[in-house]
Q: 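Below is a structure I'd like to ask you about.
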Amino acid sequence: MTMHDDVARILLTEDQIQQRIVDLANEITTTYDGRQPLLIAVLKGSVLFMADLMRSLPIAHAIDFLATSSYGAATESTGVVRILKDLDDPIEDKDVLIVEDIVDSGYTLHYLRELLLARRPASLRIVTLLSKPARRRIDVTIDWIGFEIPDEFVIGYGLDYNEHYRNLRYIGVLKPEVYLRTTDPAA
Ligand code: PRP
């Protein structure tokens with residue numbers, strides 16, 4: 001058994017992901033012409049996207065990391081998010097680009113946007129590899145979206161189920177029996 005056996009189907013191949021990242025990097029490069037953006041990855045899911053995106057950017061830039069956590073299921077109804085790890089440095093007057101792996105309800109990005117805007121950056125933009133529009137609960141402006149995907153349980157390329165599958169090079173749909181067998185007390 002390998003992790004691949006738990007994948008029902010591949011939603012986005014490694015090639016599709018990598019090609020899209022090159023396109024995104026080109027657009028981002030044009031937007032920041034003459035500037036040196038600060039890329040902020042939201043841990044943990046966005047580490048692979050961050051690593052590939054920054055290697056596709058020919059412009060000078062800096063990076064930093066943030067970690068957030070939702071208060072479990074409460075996030076779905078209240079949008080409460082908390083910071084587990086804050087940025088290392090101030091962002092005042094910097095051109096900030098938030099790097100996310102996926103936008104689901106939108107609560108995380110909505111919260112982060114407000115938090116970071118209060119620190120008075122010169123600009124604040126958002127790039128996400130994936131977006132699930134069907135799950136959105138709060139409107140959030142996203143500058144670049146890699147792929148809009150259906151409301152399915154996706155894993156791989158940074159995305160996890162119980163901290164597993166993040167290392168897959170593709171994005172796949174998890175077989176239902178994988179999450180049903182651990183949440184069903186009769187299983
Ligand atoms: C995921 C993702 C976003 C957030 C999106 O992180 O990386 O940060 O959820 O969901 P939302 O739009 O409903 O707020 P997660 O909390 O799963 O942590 P992880 O990246 O460490 O896996």
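Keep in mind that what you see is a predicted model, and the values were worked out from it rather than measured. Atoms within a ligand are numbered from 1 in the order they appear, just like the ligands themselves. Note that the numbering runs from 1 along the sequence shown for the chain. Both backbone and side-chain heavy atoms feed into the values below; hydrogens, waters and symmetry mates do not.
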Q: Using a 4.0 Å heavy-atom cut-off, say whether Asp160 meets ligand 1 through its side chain, its backbone, both or neither.
A: side chain
Q: Enumerate the atoms of ligand 1 whose separation from the nearest heavy atom of Ile102 is less than 4.0 angstrom.
A: 2 (C), 3 (C), 5 (C)
Q: In ligand 1, which numbered atoms sit nearer than 4.0 Å to a non-hydrogen atom of Leu43?
A: 20 (O), 21 (O)
Q: Using a strict 4.0 Å threshold on nitrogen-to-oxygen distance, state whether Arg119 and Asp86 make a salt bridge.
A: yes
Q: Report all side-chain donor-acceptor pairs from residues 109-118 shorter than 3.5 Å, counting only partners two or more places apart or in another chain.
A:
none

Q: Ring centroid separation for Tyr170 and His4, is it under 6.0 angstrom?
A: yes
Q: Which of the atoms in ligand 1, numbered in the order shown and given with their element, are less than 4.0 Å from a heavy-atom of Glu100?
A: 2 (C), 3 (C), 7 (O), 8 (O)
Q: Should Gly45 be counted as touching ligand 1, given the test is an N or O pair under 3.5 Å?
A: yes
Q: Return the option from Ser46, Ala41, Ser105 holding the heavy atom at the smallest distance from atom 13 (O) of ligand 1.
A: Ser105
Q: Who passes side chain to side chain contact (heavy atoms under 4.5 Å, CB included) against Thr30, sequence neighbours left out?
A: none
Q: Can you tell which part of Arg166 has a heavy atom less than 4.0 Å from ligand 1: side chain, backbone, both or neither?
A: side chain
Q: How close do Tyr32 and Val96 get, heavy atom to heavy atom, and via which atoms?
A: OH-O, 3.7 Å
Q: Give the atom numbers and elements of ligand 1 that come within less than 4.0 Å of a heavy atom of Asp101.
A: 2 (C), 7 (O)
Q: Does Arg166 count as lying over the ring of Tyr161, i.e. NZ or CZ under 6.0 Å from the six-ring centre, within 45 degrees of the axis?
A: no
Q: Has ligand 1 got any nitrogen or oxygen that is less than 3.5 angstrom from a nitrogen or oxygen of Gly106?
A: yes
Q: Hey, what's the ring geometry for Phe153 with Tyr179, parallel, tilted or perpendicular (30° and 60° as the breaks)?
A: parallel
